Every structure is written in C-alpha cells, then in structure tokens.
S.K.: 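Can you keep this structure in mind? I'll have questions shortly.
Since the model is a prediction, treat every value here as computed from it, not as a measurement. In the text below, chain A, chain B and the rest are named by the order of the sequence lines, each starting its count at 1.
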Amino acid sequence: MHQEDLFKKLTAHCKEYGFIFQSSEIYDGLSAVYDYGQYGAELKNNIVKYWWDAMVLLNDNIVGIDSAIFMHPSVWKASGHVDAFNDPLIDNKDSKKRYRADVLIEEYIDKLEEKISKEVKKAAKRYGDKFDETMFRQTNKRVLDNIELIDSVKKRFIEASEKGDLEGIRQIIIDCKIADPESGSRNWTDVRQFNLMFETRLGSVSEDASKIYLRPETAQGIFVNFMNVQKSGRMKLPFGIAQVGKAFRNEIVARQFIFRMREFEQMEMQFFVRPGNEHEWYEYWKEKRMKWYKALGFDENKFRFHDHVKLAHYAKAAADIEFAFPFGFKEVEGIHSRTDYDLGQHQKFCGRKLQYFDTELNKSYVPYVVETSIGLDRMFLTLLAAAWDEEKIEKDNGAQDQRIVLRLPPSLAPVKLAVFPLVRKDGLPEISQKIRDDLRFDISCQYEEKDSIGRRYRRQDAIGTPFCITVDHQTKEDETVTLRYRDTMKQERVPAGKLREILGEKVSMKKLLQTL
RNA sequence: GCGGGAGUAGCUCAGUUGGCAGAGCAUCAGCCUUCCACGCUGAGGGUCGCGGGUCCGAAUCCCGUCUCCCGCUCCA
C-alpha cells in the first residue's frame, strides 16, 4: 500500500469512527483546526495520563502546574517571540517560490563578505610576505566600497525592521538587485508580515484594552512561575516543572491533518539544573524520553533521534524524536538544552532575581534548563499510524476477508472492554449488562447487542478495543464467558468472576509505567 | 499567498453528448437467533460545496467564491 493512501485511509477512519472531526464542519470547516470526537477525547486523555504519570508521578523532583493561556505581553518580548515569530515574507512571481525577506538580505550580505575575503586572498597571494591584511582592508577601494555597502544595507534593514516598514524592506531587495536564488528572477511581490502569534484584547472596553497574545508555547508559563514553585515546593536543584496545555500559532500553511494545527496541545517539562551539568541532563532526558516511546511496543525502527545542527535563538543543543509517519520521518518531540536564556531574559525584563541559592556551592545563580516538549496531537497521530493495520485473513471456507484493526497498547485504548450477549434474548442481555456494571468502575467498558457477533467484534477492532467478552447460554450454567483477543482474534473460556483479575493487569497504566 | 487535484446520501463512490438523483456500506423498523465484515423484508435519508450566468432544460457548460488534498516556507 502506498504511504499516501495509508494516510488518507487513516484520516477517513478517524472521522468515520469518531476520533477526529474537522472544526465547524457544518459551516465548511475551519482550516487547520480539528475537534476530537468521542473516542479521540478518550485516547487523548490516556496519552496525557501516560505522560503525566511518567513525568510527575514517577519522579520525586518533578511537579506539574497548569498556567493560564493569557500572559503579560512582556513575557513574549522577553522570550524573543515578538521578534523571532515575526517573519517578513516575499514571493517571487516567476518561480512561485516564497522566501523570508530578511534571509534574502542576509544572504546578500554574506555574498558581499565573501567578495571581500576573496579580494583579500587574491591580494595576499600577490604581495606575498609583505602583505598587511589590516592595511589592505583599510585602503583597498573595492573592499572599502563593499564594506560601505554592507553597512548601509544593514542600517537600512535594521531601521526598516524596527519601524515595521515592509515597503522599505522590499526596496532594499529591489535596490540591491537581489534575485531569486533558484530562478534568477527579480520579479518580486510586496513584502508581507506573518505574525505567528495570535493577538487578542484584554479589558472590558475595547478602546482601553491592551493587546495580548495567545501563548505560542506553554514553556513560558513554567518559566514565569519558576520562583513560585521553587519556593512554595521547597524544590532543590535539579528539579522539573511539567505542564500540559494548549498553544496557538498562526501558521502560514498548516497541513497534514492534525500534524500541524493552529491550535494544538503541548506536554512540556522544563528541568532546572546547575550550570555545567546541562549536558549530562540533556543526554539523560534524551534517553529517558525515547524509552517512553519504545515502551509502547511498536516497531522500534519507526522512532529515531534527529540532532539539530542549526539551533534556535535560545538553544545550546537540540534533538528531535522523530516518528516514521506515512509522509516521512517527522518530529514528535523536541529535547532542548535552553541554557539560562529564558530565566535570564525574564530576570532582565521583570527586574527581579530569578535565581537559586545553591547551598553546596554557597552561591546564587540562574539555573540552566533542559526542556522536553512533545506535541500531544502529534503523539495522537503517531499512535494511530503505528497502531493501524489492515489485515488480510483467509476464512475457513477459503474466502478472502480483511479487517481493520487499531493495535493500540491496551492501557491507552479508548475502550478497554466490550461486553456482548451472544443473542438478544433468553436473559443474556441482562447478564451481560450486570457484568458490565460490575466492571465499569475499574475498566472502561462498552455494551453492545446490535448486529451479528462477528460485526460487533470488528467494530471494536476498528476503535482499538483490546478485549471483548461474549455471554452465551453456557454462561447461565457455569458463569463462564468467551474472552476474545483483538490482536490474535483468539478466544478462550474464562469465569466471569475472574475478569477483573485477568484484565485489570493487562489494561492498567501501571504495567506500562513499570517498564520505564 | 501561488501552482496542481478534488467537493454528489452518514461513509466510499458511479452519473455517458446537457434530458426523471443512483449503487454498495451504514442508519431505522420488522423477521431470524447465529462466536468473527456481506441472513430476509421494508423504510427514511439529497438545495449534487455555495452564489451567479448561458439554456426550453444544468450534478454536467461558463464566471465567481468557500473548503479539503498535494507541492513551496516555518515548527510541537
């Protein structure tokens, strides 16, 4: 099967079986926004629990918080998002390619600098030992012209950027005769500003209200509460703060189903360490986080690390955990060594000390941070893609059959157990419902009596229910039921009274967490 | 935003040259009482994405518009 087909089937399956719907579908939908349906919400909750327990429950030195989406506007100035998430974009009309205007100008400056160093090299060759580079740079006309040009372009660019003068930025590209690096065309559109942060207004009267942003990442809610948590929890370094929450980014193009959405959910943990220890902890969390994925029991080759060469403005080292989606290996989680950048910035902007007194070293310092940041929606998609199976079966009479089954880890499955009466009479429904009512406090159960037994099994396969039990006439005699396994379709006869014992272990999160 | 493809029943899709809106699955009711999709009978369900135009007549041709999918940039 082609991978692209698989992805299409997966998205169709999500809609058909109540995992994910497009937002506002009856009004033609809202681009790149999705709603989680009845089974989607369950699965999502289970993923969150698996993560939260792995981080907070199992680590004495990690606590969880839940910070607000609205934050003081200064937070985003301090974090660098106001500047870094503001990209001026320009399109080339001939090649139809889109570029960041600032990158085009930077590349132009790089080229000029290359020219200068070429000039210097050439001269060095010509003058031999007598060559004085400083002198040459100060006197050579071509070098001086280029330096002057670089300075003027830089000055114009900084001025235009500060004023938000998009026409000015475009004029630099025109004046410098910057061409599309691919096609060589100079046929440019206007420069447009894409602010990746959503803006809204806080305040009762719109005129007095101040502009605020919907957070583009949850991390800052952790950083601004660093002192609160450290003091109130009497936390000692190293320690971590975890959080699950919504974040918002106004993506230029948001695609690939729930992989890149405008409103998405992050599960982040910021781990605060003594400066100098950050590398050790970075490696620790890389391994720890990878283990979390591998514990799910899928093909391990589908997960890999991708180390970043180009780093974000705040990072010292960065690696992604990638999953082999039908559209290629893509990032699910990022592990970043963020240095003291964020706390340092907030310390500067808010004017208060955001420091930790280290009793061992007998001094105060701004801790370094190692971040683990996973996209919950991406994890959801990872699970579905990994669990999806279209199985070909040979029936007893030799006919071809197929079933679609989600091989989800039992502890994460939206429904753990389905209870069926074999037929809808002779008191079998009543017995079934009694069993369901008895188990529902411990195990997420579903009762179904419609359609043939085979169909009911297949419907549960399609939503990933790991176990089904069927109550038949024999149940009335010896209180045993048929237990049917999703993955193998095998059946066995078990006493109804022992179901909790047999299944409880299999579907519990505990078993999964113990392997970490 | 630009280029390419698509939009018909809840889902998957047919629909010829412009001439009565279709199938399978699903749903509902009744019958059957069955351990792995597809037993029998019947019923409901459509502004053919939306708006306009051409025509005696448009799902079909033309224009506009919205949404989705695939590429170009960014990221969790």
S.K.: Would you check if there is a donor-acceptor pair between the side chains of A:T465 and A:R486 at a distance under 3.5 Å?
M.R.: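 Result is no, nothing qualifies.
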S.K.: Closer than 4.0 Å, any side-chain N/O of A:R455 to the OP1 or OP2 of B:C36?
M.R.: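 Negative; the distance criterion is not met.
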S.K.: Is the ring pair A:F323/A:F303 parallel, tilted or perpendicular, if the boundaries are 30 and 60 degrees?
M.R.: tilted
S.K.: Excluding sequence neighbours, so at least two apart, what forms side chain to side chain donor-acceptor pair (under 3.5 Å) with A:R484?
M.R.: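 A:R484: side chain to side chain donor-acceptor pair (under 3.5 Å) contacts with A:D461.
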S.K.: Using the P atom as the point on both nucleotides, what is the distance between B:U65 and B:G4, in whole Å?
M.R.: 14 Å
S.K.: Any donor-acceptor pair under 3.5 Å linking the side-chain atoms of A:Q220 with those of A:H81?
M.R.: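 Judged by distance alone, the side chains do not pair up.
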S.K.: Scan every strand shown for a Watson-Crick or G-U wobble partner of B:C50, both distances under 3.5 Å, and answer none if you come up empty.
M.R.: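 Pairing partner: B:G64.
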S.K.: When the P atoms of B:U16 and B:A59 are compared, how many Å lie between them, rounded to an integer?
M.R.: 12 Å
S.K.: Sort out the partner of B:G22 for me: Watson-Crick or G-U wobble, both distances under 3.5 Å, none otherwise.
M.R.: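 Because both required distances fall under 3.5 Å, B:G22 counts as paired with B:C13.
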S.K.: Using the C1' atom as the point on both nucleotides, what is the distance between B:U12 and B:A26, in whole Å?
M.R.: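 Rounded to whole Å, the distance is 11 Å.
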S.K.: Roughly how far apart, to the nearest Å, are B:C40 and B:C25 at atom P?
M.R.: 9 Å
S.K.: Please measure how far the C1' atom in B:U54 lies from the corresponding atom in B:C63, and state the result in whole Å.
M.R.: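 Between the two C1' atoms, the distance is 11 Å.
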S.K.: Would you measure the distance from the C1' atom in B:G46 across to the matching atom in B:A21 and give it in whole Å?
M.R.: 8 Å
S.K.: What does the B/S/- profile of nucleotides 4-13 of chain B look like, 5' to 3', with a 4.0 Å heavy-atom cutoff to protein?
M.R.: -------S--
S.K.: Dump the pairs, protein N or O against N or O of nucleotides 32-35 of chain B, anything under 3.5 Å, distances to one decimal.
M.R.:
from: B:C35; atom 1: O2; to: A:Y457; atom 2: OH; distance (Å): 2.9
from: B:C35; atom 1: O2; to: A:Q491; atom 2: OE1; distance (Å): 2.6
from: B:C35; atom 1: N3; to: A:T482; atom 2: OG1; distance (Å): 3.2
from: B:C35; atom 1: N4; to: A:D472; atom 2: OD2; distance (Å): 2.4
from: B:C35; atom 1: N4; to: A:T482; atom 2: OG1; distance (Å): 3.1

S.K.: Roughly, in whole Å, what's the span from CZ in A:R378 to P in B:C74?
M.R.: 14 Å
S.K.: If you check every side-chain atom of A:K450, which of B:A29, B:C36, B:A76 has the closest atom?
M.R.: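 Closest nucleotide to the A:K450 side chain: B:A29.
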S.K.: Determine the Euclidean distance between corresponding C1' atoms of B:G24 and B:C61; express it in Å to zero decimal places.
M.R.: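 After rounding to an integer number of Å, I get 31 Å for this pair.
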S.K.: Suppose we define a pair by two distances each less than 3.5 Å, Watson-Crick or G-U wobble; what does B:U73 pair with here?
M.R.: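 When the pairing criteria are applied, nothing turns out to pair with B:U73, so the answer is none.
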S.K.: Could you tell me which nucleotide pairs with B:A58 by Watson-Crick or G-U wobble geometry, both distances under 3.5 Å, or answer none if nothing does?
M.R.: none
S.K.: May I ask which nucleotide in the shown strands pairs with B:C40, Watson-Crick or G-U wobble, both distances under 3.5 Å?
M.R.: B:G30
S.K.: Just by distance, with hydrogens left out, do A:R289 and A:T372 show a side-chain donor and acceptor under 3.5 Å apart?
M.R.: no
S.K.: Sticking with atom P, work out how far B:G5 lies from B:A23, rounded to a whole angstrom.
M.R.: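 One P to the other, the span is 31 Å.
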